[in-house]
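Below, each value reflects all heavy atoms present in this structure, side chains not excepted, and no hydrogens, waters or symmetry copies.
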Amino acid sequence: MCNPRRVRVRASSRLTRMWQEELRRTGRASAEVAGQATLREEFGTLLGAPARRAFEDALGADTRWTWQDGTYRLEVDGGTIVYDLEDGWIEMTARLSDVVTAEAEVTRTLGGTVEVNASAEHSERYFDDSWAGLSKSVAERTARAQAQAQADREAAEQAARQEERERLAGQRRLAGQRDEIDAEARAEAERRAAAEAERRREELDRDAEAQLREARTGFLRPVHEVLAVAYRDAIVEYARARGVQEIQVDESDGTLNIQFEMEA
């Protein structure tokens, strides 16, 4: 066995790691939407003059109707009825409403690349006569493996520390942009809500038009109720003007019965 010798080996490690941080914010917006349709048709002009006068007098006496700008108006469930006193037209308007909502998500991403270089040395002993199997080549392989492992550890630790610093810096930058991202998400949600509201408004207009056609009789029911009162008053007035005293008026089950006797 000879005196031991030592071999020293230097190894290097280069490590590249990528990192990414993102911030997602969601904006929400809602909008009220209204659609309507209008149907206008003759009414007062189709009545005889006495009946029209009685009808218009009955409108004025009915507290459900309000007077505004030369018209009598009545708010009904889902719309409005307007009677124009001058031209005798009835205008029916059906209204529908809805609320649309929209969401938008905005994602802001930051990323980077961490590159580190690390080196390490390691030495191992050997014997010229390779005593105990410790030859120079064996010592070199062992020293190289140890040095490489140490260099890899150093590189990984450095990269982890640098990545953590850059990640934290990225998180702080994103946090500083939170209000800006929130505003961007809200603006996009409002844009989507406005587009959806316009589409929905067109649908409501069509639905209101269909409803008005299908429910025309229902819309006119309050008008016919006033007209029935007008006919009642007109007939009663006609009878009394001709001296009739015994007049019986019965209003039940949606039917108006007027009975009286007149001499020929």
Visitor: Evaluate the criterion side-chain contact (heavy atoms from CB on, under 4.5 Å) for residue pair D98 and L96; output intermediate values, then yes/no.
Guide: CA-CA 7 Å; D98 196 4; L96 296 174; over 6 Å; no

Visitor: Restricting to side chain to side chain donor-acceptor pair (under 3.5 Å), what partner residues turn up for D207, sequence neighbours left out?
Guide: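 Not a single residue meets the side chain to side chain donor-acceptor pair (under 3.5 Å) criterion with D207.
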
Visitor: If you look at every heavy atom in A193 and A102, which pair is closest and at what distance?
Guide: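 For A193 and A102, the tightest heavy-atom pair comes out as N-CB, 3.6 Å.
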
Visitor: Linking I/L/V/M/F/W/Y whenever their side-chain heavy atoms sit closer than 4.5 Å, directly or via other members, would L212 and L74 fall into one cluster?
Guide: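 Same hydrophobic cluster.
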
Visitor: Scan for ring pair (Phe, Tyr, Trp, His ring centres under 6.0 Å) pairs involving residues 191-216, sequence neighbours excluded, and state none if there are none.
Guide: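 Listed once each, the pairs would be none.
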
Visitor: If we ignore angles and hydrogens, is there a donor and acceptor under 3.5 Å between the side chains of R95 and T80?
Guide: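 R95 vs T80: donor-acceptor pair found between side chains.
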
Visitor: Give, for atom CG of D87 and atom CZ of R40, the distance between the pair rounded to the nearest 0.5 Å.
Guide: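 Nearest 0.5 Å value for the CG-CZ distance: 5.0 Å.
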
Visitor: Checking N117 now: which residues fulfil side chain to side chain donor-acceptor pair (under 3.5 Å) with it, not counting sequence neighbours?
Guide: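 With neighbours one apart ignored, the set is empty.
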
Visitor: Is L85 linked to I90 within one hydrophobic cluster, defined over Ile, Leu, Val, Met, Phe, Trp and Tyr using a side-chain heavy-atom separation of less than 4.5 Å?
Guide: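 Same cluster: L85 reaches I90 through Ile, Leu, Val, Met, Phe, Trp or Tyr contacts under 4.5 Å.
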
Visitor: Measuring from E91:CD to T93:OG1, what's the distance to the nearest 0.5 Å?
Guide: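 These two atoms lie 5.0 Å from each other.
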
Visitor: Over all heavy atoms of both residues, which pair between G35 and L204 is shortest? Give the atoms and the distance, please.
Guide: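 Reported closest heavy-atom pair: CA-CB, 3.7 Å.
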
Visitor: In the single-linkage hydrophobic clustering (I, L, V, M, F, W, Y; side-chain heavy atoms under 4.5 Å), do V76 and L227 co-cluster?
Guide: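 As far as the 4.5 Å side-chain criterion goes, L227 and V76 are connected within one cluster.
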
Visitor: Quick one: do W67 and V223 end up in the same hydrophobic cluster if we chain Ile, Leu, Val, Met, Phe, Trp and Tyr together by side-chain heavy atoms under 4.5 Å apart?
Guide: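 Per the 4.5 Å side-chain linkage, W67 and V223 are co-clustered.
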
Visitor: Checking side chain to side chain donor-acceptor pair (under 3.5 Å) against S119, which of E154, Q148, R10 comes through?
Guide: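 One option only clears the test, and that one is R10.
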
Visitor: Please round to the nearest 0.5 Å and tell me the distance separating atom CD of E75 and atom CD1 of I81.
Guide: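 Interatomic distance, E75 CD to I81 CD1, rounded to 0.5 Å: 9.5 Å.
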
Visitor: According to salt bridge (Lys or Arg N to Asp or Glu O under 4.0 Å), who are the partners of E166, at least two apart in sequence or on a separate chain?
Guide: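 Listed in chain order: nothing, the list is empty.
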
Visitor: Between L15 and A155, what is the shortest heavy-atom contact and its length?
Guide: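 What the structure gives for the nearest pair is CD2-O, 3.8 Å.
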
Visitor: What residues form a side chain to side chain donor-acceptor pair (under 3.5 Å) with Q150, not counting sequence neighbours?
Guide: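 Once residues adjacent in sequence are excluded, Q150 has no partner under the side chain to side chain donor-acceptor pair (under 3.5 Å) criterion.
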
Visitor: Between E188 and R191, does any side-chain N to carboxylate O distance fall below 4.0 Å?
Guide: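 A salt bridge is present here (some side-chain N lies under 4.0 Å from a carboxylate O).
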
Visitor: Would you confirm whether the ring centroid of F43 sits within less than 6.0 angstrom of the ring centroid of W89?
Guide: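 Aromatic pair excluded; centres sit 6.0 Å or further apart.
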
Visitor: Heavy atoms only: give me the nearest A120-A151 pair and the separation to one decimal.
Guide: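 Distance-wise, the nearest heavy atoms are CB-N, 3.7 Å.
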
Visitor: Got a second to check how far R28's CZ is from E105's CD, nearest 0.5 Å?
Guide: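 Answer rounded to 0.5 Å: 10.0 Å.
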
Visitor: Atom CD of residue position E32 - does it have more than 12 heavy atoms of other residues, nucleotides or ligands inside 6.0 Å?
Guide: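 For E32, atom CD is not crowded (no more than 12 foreign heavy atoms under 6.0 Å).
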
Visitor: Run the salt-bridge test on E203 and R199 with the 4.0 Å N-O cut-off and return the result as yes or no.
Guide: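 Result for this pair is yes, salt bridge flagged.
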
Visitor: Using the salt bridge (charged side-chain N to carboxylate O under 4.0 Å, His left out) rule, take R213 and E209 through it: C-alpha gap first, then chi angles, then the decisive distance, then the call.
Guide: CA-CA 6 Å; R213 289 195 305 267; E209 184 177 355; 3.5 Å; yes

Visitor: Under a 4.0 Å threshold between the charged nitrogen and the carboxylate oxygen, would R200 count as salt-bridged to E196?
Guide: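 No.
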
Visitor: Could you pull out every donor-acceptor pair under 3.5 Å between side chains of residues 169-177 and any protein atom, sequence neighbours left out?
Guide:
from	atom 1	to	atom 2	distance (Å)
Q171	NE2	E21	OE1	3.4
Q177	OE1	R108	NH1	3.1

Visitor: Sequence neighbours left out, what passes side-chain contact (heavy atoms from CB on, under 4.5 Å) with E115? Give chain and number order.
Guide: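 E115: side-chain contact (heavy atoms from CB on, under 4.5 Å) contacts with R14, T16, T113.
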
Visitor: Just how far is it from atom CD of E163 to atom CH2 of W19, taken to the nearest 0.5 Å?
Guide: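 Output value for this atom pair is 8.5 Å.
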
Visitor: Return the minimal non-hydrogen interatomic distance between V99 and S30, and the atom names on each side.
Guide: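 It is CG1-CB, 4.2 Å.
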
Visitor: side-chain contact (heavy atoms from CB on, under 4.5 Å) with R25: which residues, sequence neighbours excluded?
Guide: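 Scan of R25 (side-chain contact (heavy atoms from CB on, under 4.5 Å), adjacent residues dropped) gives L23, R178, I181, D182.
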
Visitor: Decide, yes or no, whether a salt bridge links E225 with R221 under the criterion of side-chain N to carboxylate O below 4.0 Å.
Guide: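 Here E225 does not pair with R221 in a salt bridge, since their nearest N and O are not under 4.0 Å apart.
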
Visitor: Work out which heavy atom in V7 is nearest to a heavy atom in A143; give both atom names and the distance.
Guide: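 That would be O-CB, 4.3 Å.
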
Visitor: Where the side chain of T142 meets the backbone of A139, is there a donor-acceptor pair that is under 3.5 Å apart?
Guide: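 Not confirmed, T142 side chain does not pair with A139 backbone.
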
Visitor: Kindly list each side-chain donor-acceptor pair under 3.5 angstrom involving residues 54-63, sequence neighbours excluded, with atom names and distances?
Guide:
from	atom 1	to	atom 2	distance (Å)
E56	OE2	R52	NE	2.9
E56	OE2	Y83	OH	2.7
D62	OD1	R64	N	2.9
D62	OD1	R64	NE	3.2
D62	OD2	R64	NE	3.3
D62	OD2	R64	NH2	2.9

Visitor: Measuring from atom CD of E103 to atom CZ of R192, what distance do you get when rounded to the nearest 0.5 angstrom?
Guide: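 Answer for the CD-CZ pair, E103 versus R192, is 9.5 Å.
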
Visitor: Considering residues at least two apart in sequence or located in another chain, which fulfil the side-chain contact (heavy atoms from CB on, under 4.5 Å) criterion with R216?
Guide: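 In terms of side-chain contact (heavy atoms from CB on, under 4.5 Å), with neighbours along the sequence ignored, R216 is linked to L39, E41, M92, L220.
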
Visitor: List for me each residue that meets side chain to side chain donor-acceptor pair (under 3.5 Å) alongside Q146, sequence neighbours excluded, and say none if there are none.
Guide: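 Per chain and number, Q146 pairs via side chain to side chain donor-acceptor pair (under 3.5 Å) with no residue.
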
Visitor: What pairs with D205 under side-chain contact (heavy atoms from CB on, under 4.5 Å), at least two apart in sequence or on another chain?
Guide: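 Per chain and number, D205 pairs via side-chain contact (heavy atoms from CB on, under 4.5 Å) with R201.
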
